[in-house]
Amino acid sequence: MTDIEYAKAIREKAKMASLGMSLIAELFPNDEPFVNRIQAQIGQGFITDIMELSERGIGSETNDD
């Protein structure tokens, strides 16, 4: 995976996480605890996705200095 592909993948993951968080907040405006739980799960999923991309992404193409 090139640096550009890696950056694009992160941007897409961030966009989807942001949209998911906004949608949940709009769908359940009066249930803050529920919204917070779902948004936390979305955030954790985003972090997991980024870690997976990082492990198989540019990490293999960088110097280990």
### Query
Considering the options T48, I50, I42, which one meets the side-chain contact (heavy atoms from CB on, under 4.5 Å) requirement together with F46?
I50
### Message
Membership question, hydrophobic clusters at under 4.5 Å side-chain separation (ILVMFWY): are L23 and M21 in the same one?
### Response
yes
### Query
Rounded to the nearest 0.5 Å, how far does OG of S18 lie from CD of Q39?
9.5 Å
#### Entry: Point-to-point distance, once rounded to the nearest 0.5 Å, from CZ of R37 to CZ of F28
11.0 Å
### Query
For M51, which of D49, I47, L53 qualifies under side-chain contact (heavy atoms from CB on, under 4.5 Å)?
I47
### Task
Assess whether salt bridge (charged side-chain N to carboxylate O under 4.0 Å, His left out) is satisfied between E5 and K8, documenting all intermediate values.
CA-CA 5 Å; E5 291 170 331; K8 285 180 181 179; over 6 Å; no
### Message
Within this structure, what is the CD1-CG distance for the pair I24 and N36, rounded to the nearest 0.5 Å?
### Response
11.5 Å
